[in-house]
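Have a look at the structure below before the remarks.
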Amino acid sequence: MDRIQSILSVAGVGCFALAFVLSAVYPWAITSGTVTEATIAEVAERITPEFVDLAERYPAEFDRAHPGVREALTPQSVLADLGGSGDREAGLAAWREAHAKSLRRGRDIYVAEGCWHCHSQYVRPVSNEDIRFGPVSTWLQDNNALQRPVMWGTRRVGPDLTYEGGLRSNDWHAAHFWEPRNVSPGSVMPRFRWFFEEGFRLSRTIDPSIAERTGLAPETEYPIAGVYLTQADAEAARQRHIDALPSALRAEGERLNVTPARTLNSDGLSLIAYLQWLGTWQPTATSQED
Amino acid sequence: MTTADIPLPDDAAGDDGAVESANIGDLVHKRLIKAHFTFAVVFLLTSMTAGFLVSLNFLNHYPFPDVPWLSSGRLRFLHTNEIAYGFLVNAFVGAMYYAVPRMTGRPVASLKLGWFIFFVWQIIVFSASVGQALGFAQGVEWGETPTGFRPGSFDLQYIPVDLLVAVGALLVAFQFLMPLAKAFNKRLYVTGWYLTSGLIWLILTYVMGNVLPEWGMPGASGAATAGLFIHDLVGLFVTPMGWGLMYFFVPIILRTPMWSHALSVIGFWALAFFYPLNGVHHFLLSSIPMSVQYGAVISTMAVEIVVTTVVVNFFATMWGQGHALRSNLPIRWFYTGMVFYFITCLQCAFHTSLTMQAIIHFTDWVPGHAHLVMLGVFAFWNFGIITWLWPRLTGNEWHSRRLNHWHYWLTLIGLVIMFVDLLAAGVIHGNMLRDLVPWMVIVEAMKPYWGVRTFAGGMILIGQILWAYNLWKTARTPKPYDYRVDLVAQEVN
Amino acid sequence: MTTQGRALWRTTPILGLTCAMAALGMLPFVPFASEPSEEAFTLEHWELDDSATRGAAVYAQYCIGCHGPTGLGNGDAAEFLDPKPRNFQSGNFKFRSTPSGELPLLADIEHVVRCGLEGSAMRRFPLLPDSQVRDVSRYVQSLVEFGLVRREVEYVMDDDDLTLAELLEGDYEELREETLVDAYEYVWRVGMDERPEVDEDGLAFGRELYEAQCAACHGATGRGEGASANALRDYKDAEIRPRDFTSGVFRAGSRAEDVFIRLKSGLNGTPMPAVSGTDEELWHLTHYILSLVVDDGGRGPHPTSCACIEEGPAR
């Protein structure tokens with residue numbers, strides 16, 4: 001009797017092991033087990049245009065998150081070789097590192113805020129999902145370190161994000177995180193105001209003659225990219241901006257003000273960088289053969 | 001027949017269990033059970049409050065939209081994790097401190113270890129919730145307990161809760177396997193089988209689910225493992241614990257042996273074999289290889305057979321004593337839970353078909369189903385167990401028996417409303433998704449259903465608050481309890 | 001059991017509490033109304049046709065957050081957006097198929113609603129039913145017309161020292177009619193001759209045209225780094241940057257036809273004029289501009305973009 005009981009109790013563990021082999025090891029062996037998983041550095045190698053746009057649109061904020069990267073290579077030169085001075089390869093390496101860092105951090109926030117409980121990341125071959133969201137998911141496109149743990153999700157309160165990269169612009173995401181209902185009225189997504197920080201920015205008051213001609217309020221202001229954490233930094237930026245003004249716009253210098261502003265912090269930038277990456281990475285032929 | 005005429009029952013279920021001790025009641029550590037039950041109820045309340053708050057978010061009435069650590073995204077982790085690790089584990093462990101020594105006739109490994117486990121476990125659950133609130137959740141559903149490491153590396157950034165849970169589960173297993181293992185020498189009642197296996201499976205399941213998807217398996221294979229984890233956690237821990245305790249408490253309360261011992265053993269082994277094979281059905285129509293998906297679908301349908309044997313066994317045991325459903329609240333909790341268990345498993349067999357998956361996956365159908373399982377079945381059973389044991393543990397008569405009935409009816413009606421509502425919402429959502437309706441139109445269409453869900457959730461929450469108040473008042477008000485009032489009158493043939 | 005059954009209905013406070021919770025849940029469905037203003041000529045005085053009336057509801061669901069309740073481009077989300085949402089009442093539309101300086105066709109607005117403006121916060125609405133796209137576009141067109149008439153009304157009120165009530169009683173209908181007839185006098189779709197083959201000579205010719213007419217702003221490489229690129233301002237004095245052709249992102253479509261129309265009709269309200277030249281010359285210029293696109297291999301049309309949907313789902 002004793003032995004039968006022991007055998008049976010081993011059988012209980014055996015059932016677990018059998019299921020583990022059939023539904024975890026076996027799918028692994030015929031999918032991820034056959035191909036080397038792409039590292040974060042590999043998936044970050046192609047810098048998305050939206051990541052460059054983040055650096056252009058939020059220069060001061062980007063510098064705080066990734067010091068020195070914009071100096072290493074100007075954003076304009078990242079996607080196309082403009083033939084400028086300096087070591088372009090070294091600059092690109094710095095950008096890729098910043099991109100990888102952003103993707104990693106952005107994904108951590110995606111996990112920590114529970115985004116994955118309301119947004120899925122897999123497109124099924126049914127229910128017209130390929131029309132609504134894009135091509136049906138393959139296991140190869142999820143075979144990378146940013147899908148550990150996998151972010152497929154089990155519920156769609158919000159739309160699928162498999163191909164979110166490039167679908168909407170960075171400023172749309174900023175406005176959306178501040179208050180989702182401003183850009184999609186009726187949305188039930190929580191707002192994420194802790195992705196923002198307060199600071200000071202330069203803004204230019206409208207040319208009075210243009211204000212009169214167009215009927216716009218004379219106090220209309222146009223913000224200049226870059227929000228600084230302290231007023232002193234913003235004042236310094238103001239001076240730099242005035243010095244750099246082309247002669248035709250010299251008069252604008254007098255209409256430059258430093259005003260309080262809010263902007264994305266480095267977490268917000270990272271999350272947007274991650275969202276803009278989604279669906280843009282495709283495994284290359286070589287990595288399939290490895 | 002008055003209660004005084006009823007003879008004192010020998011309610012040790014181990015038919016030939018070693019009742020060596022002069023008084024089997026001495027083996028039971030009542031204060032430890034009370035402590036576990038108290039924290040079970042505390043976590044039940046916090047979890048349900050969190051669930052209720054998150055449901056308000058769906059109506060755009062979230063009370064703390066700008067507090068990061070109270071944001072609805074993070075509270076959603078707390079809602080599921082505290083129910084699983086806070087409420088269910090505490091309640092199960094508490095009930096096992098009662099059931100295991102009485103069944104085996106032997107004490108648990110150590111009382112000191114018991115208190116140690118108790119304190120450590122509460123710290124684990126608490127630090128898991130705090131970690132999630134601070135943004136250290138892990139991206140595995142039902143296993144969001146923080147790994148403590150920076151994702152994908154071994155840099156420590158928070159308490160490694162995953163590790164602590166695994167250690168805690170090991171200690172719990174040690175505590176109860178001591179008496180259970182000794183009882184293995186004798187013929188072991190089916191409860192022993194369920195509890196022994198459940199304790200071992202919990203450790204294996206937990207380690208697998210929290211380690212592999214994060215450290216080893218990306219994409220589709222990670223999803224298959226995560227699906228297996230979700231399923232094993234319910235199927236190989238919560239279900240065996242639940243059924244094990246049902247096999248213990250139902251015969252004791254009804255004072256009838258199980259209808260068929262053979263059927264109960266078949267039920268156990270069929271569960272052990274078929275349940276874990278279902279894992280992948282959480283990610284059907286995905287990029288996991290189709291062969292694995294088909295296997296999961298077929299074994300899910302097979303589970304329905306298992307479920308039927310178990311449910312038939314229990315209803316046959318009840319045969320002729322249907323009046324107990326009216327007179328005995330714990331029995332009513334148990335059998336309501338069993339009806340829901342049958343419904344929820346039947347649902348599984350149908351909705352894992354790929355035809356239905358196409359419609360209902362990613363919709364509110366899924367939370368509707370999950371609430372029926374976790375609340376309607378396992379929480380109901382624990383409510384029944386705690387309700388039955390509480391006066392016996394405190395020695396006090398209930399502060400108010402009527403409040404207990406309020407607890408039952410509010411929870412039951414709330415759950416049924418929520419279940420039906422979410423099912424309807426899911427079918428509508430799925431069809432609108434297929435019909436390429438613009439997304440915001442779908443969201444607007446769901447809002448009335450979410451309103452009803454909040455209402456139903458409010459009912460359930462109020463039920464639990466009344467119950468918690470009743471438990472508290474009962475513990476605090478000395479009023480001698482005569483257990484014979486709760487005995488089920490035997491039908492005289 | 002029977003006592004419990006009765007108890008269920010006797011203890012009403014709990015039921016009351018649950019009902020109160022339900023009422024709280026229903027709060028978001030309570031509508032609210034706003035008061036029309038008596039002083040100025042506002043949208044309340046503006047008659048909408050059936051299509052525009054239906055379109056107003058669509059507008060309230062999808063557009064209002066950025067473009068604002070009256071289409072002034074001052075919605076709550078505008079704070080974070082650059083470029084700012086279009087001010088419909090100004091009547092300046094960048095992306096049209098009509099001659100330079102003219103209002104857009106209804107079809108032009110529909111195209112922007114359907115396909116969005118690539119790379120800007122104007123997202124696409126691929127799944128909106130055709131009827132709703134048409135209605136909301138008609139509503140936007142009504143806002144444009146309202147803006148034109150409002151300026152005329154204000155001008156007449158100012159000039160003739162009339163109150164709004166007097167004007168509305170008097171010549172308003174005539175004024176409105178005249179303004180709209182004038183506004184649409186030259187609104188038609190610009191012609192497009194057949195597209196020539198892309199060849200070496202054509203590209204060389206396009207390059208000459210480019211260097212003469214475009215390089216000052218868009219730069220020799222097409223990166224948008226021309227000498228005067230930083231000094232550009234639009235009609236309302238806001239900063240505006242020349243398009244970076246290398247990115248391959250063209251706001252209103254990256255097909256050759258789209259780029260051709262941009263060249264031929266210009267972008268109203270911006271420093272980008274309609275390019276003068278014959279259709280053939282413009283085609284060569286279009287081909288040259290498209291040849292500047294740097295294809296890094298990672299950026300096809302977005303899987304859910306208009307191009308993919310028109311051709312059926314991408315596989």
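Worth knowing before you read on, the calculation uses all heavy atoms, side chains too, and leaves out hydrogens, waters and symmetry mates. Lettering of chains follows the sequences in order, A, B, ..., and the numbering in each one begins at 1.
For a residue to count as touching a neighbouring chain, one of its non-hydrogen atoms must lie under 4.5 Å from one of that chain's; by this rule A:Ser23 touches chain B with backbone and side chain alike. In this structure, chain B has heavy atoms under 4.5 Å from both the backbone and the side chain of A:Ala11. Residue contact with chain B, scored on non-hydrogen atoms closer than 4.5 Å, is absent for A:Gln121. Proximity to chain B involves both the backbone and the side chain of A:Leu22, based on heavy atoms less than 4.5 angstrom apart.
Side-chain atoms of B:Asn60 come within 3.5 Å of backbone atoms of A:Ser187 as a donor-acceptor pair (strictly under, hydrogens ignored). Here the side chain of A:Arg148 pairs a donor or acceptor atom with the backbone of B:Glu214 at under 3.5 angstrom. Of the possible donor and acceptor atoms, one in the side chain of B:Lys447 sits under 3.5 Å from a partner among the backbone N and O of A:Gly186. No donor-acceptor pair closer than 3.5 Å links the side chain of A:Asn128 to the backbone N or O of B:Leu436. The closest donor-acceptor contact from the side chain of B:Asn57 to the backbone of A:Val188 lies under 3.5 Å. A:Arg132 places a side-chain N or O within donor-acceptor distance of the main-chain N or O of B:Leu433, the cut-off being under 3.5 Å.
One finds the CD atom of A:Glu129 at 6.5 Å from the CZ atom of B:Phe362 (value rounded to the nearest 0.5 Å). Atom OG of B:Ser72 is separated from atom CE of A:Met189 by 10.0 Å, given to the nearest 0.5 angstrom. One distance of note links CZ of B:Phe229 with CZ of A:Phe20; it measures 13.0 Å at 0.5 Å rounding. Once rounded to the nearest 0.5 Å, the distance linking OG1 of A:Thr154 with CD of B:Glu141 reads 3.5 Å. For the atom pair CH2 of A:Trp152 and OG of B:Ser287, the computed distance is 3.5 Å after rounding to the nearest 0.5 Å. The OG atom of B:Ser197 sits 12.5 Å away from atom CZ of A:Phe16, with the distance rounded to the nearest 0.5 Å.
B:Thr225 has its side chain out of reach of A:Trp28: every pair of non-hydrogen atoms, C-beta onward, lies at least 4.5 Å apart. Residues A:Pro125 and B:Leu285 have side chains in contact (heavy-atom distance under 4.5 Å, counting atoms from C-beta outward). With contacts defined as side-chain heavy-atom distances shorter than 4.5 Å, the pair B:Tyr275/A:Cys15 does not qualify. Counting heavy atoms from C-beta outward, A:Arg124 and B:Leu284 have side chains that stay 4.5 Å or more apart. You'll find the side chain of A:Val150 stays beyond 4.5 Å of the side chain of B:Pro218, heavy atoms only.
For the set B:Trp201, B:Phe77, B:Tyr62, B:Phe58, the count of heavy-atom pairs under 4.5 angstrom toward chain A peaks at B:Phe77. Of the residues considered (B:Pro68, B:Ala137, B:Pro367), B:Pro68 shows the highest number of contacts with chain A, using heavy-atom pairs under 4.5 Å. Note: B:Val292 leads B:Asp435, B:Val292, B:Val67 in heavy-atom pairs under 4.5 Å with chain A. Heavy-atom pairs under 4.5 Å with chain A peak, among B:Ala224, B:Ala296, B:Ser291, B:Ala223, at B:Ala223. Ranked by non-hydrogen atom pairs under 4.5 Å with chain A, the options B:Thr205, B:Val280, B:Leu204 are led by B:Leu204. Put simply, of B:Gln138, B:Gln132, B:His282, the one with the most heavy-atom pairs under 4.5 Å next to chain A is B:Gln138.
Between B:Phe283 and A:Gly153 the shortest heavy-atom distance is CE2-O, 3.7 Å. Smallest separation of non-hydrogen atoms from A:Pro185 and B:Met440: O-CE, 3.4 Å. Nearest heavy-atom pair across B:Ser221 and A:Thr31 is CB-OG1, 4.0 Å. The two residues B:Ala358 and A:Val126 have their closest heavy-atom pair at CB-CG2, 3.7 Å. Closest approach of B:Gly139 and A:Pro149 over heavy atoms only: O-CB, 3.3 Å. In terms of heavy atoms, B:Phe273 sits closest to A:Leu18 at CE1-CD2, 3.6 Å.
Between A:Tyr122 and B:His361, the ring-plane angle classifies as tilted under the 30° and 60° cut-offs.
Along residues 105-114 of chain A, the residues that come nearer than 4.5 angstrom to chain B, judged on non-hydrogen atoms, are A:Asp108, A:Val111, A:Ala112, A:Glu113, A:Gly114 in order of number.
Screening residues 353-368 of chain B for salt bridge (charged side-chain N to carboxylate O under 4.0 Å, His left out), with sequence neighbours left out, gives A:Arg155-B:Asp364.
The neighbour count for A:Glu97 CD, taken as heavy atoms of other residues, nucleotides or ligands under 6.0 Å away, does not exceed 12.
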**Asked** After noting the C-alpha distance and the side-chain angles of B:Asp66 and A:Phe192, does the key distance pass the side chain to side chain contact (heavy atoms under 4.5 Å, CB included) rule?
**Response** CA-CA 7 Å; B:Asp66 296 329; A:Phe192 291 92; over 6 Å; no
Walk me through it: do A:Trp194 and B:Ser71 pass the test side chain to side chain contact (heavy atoms under 4.5 Å, CB included)? CA-CA 10 Å; A:Trp194 50 96; B:Ser71 75; 3.4 Å; yes
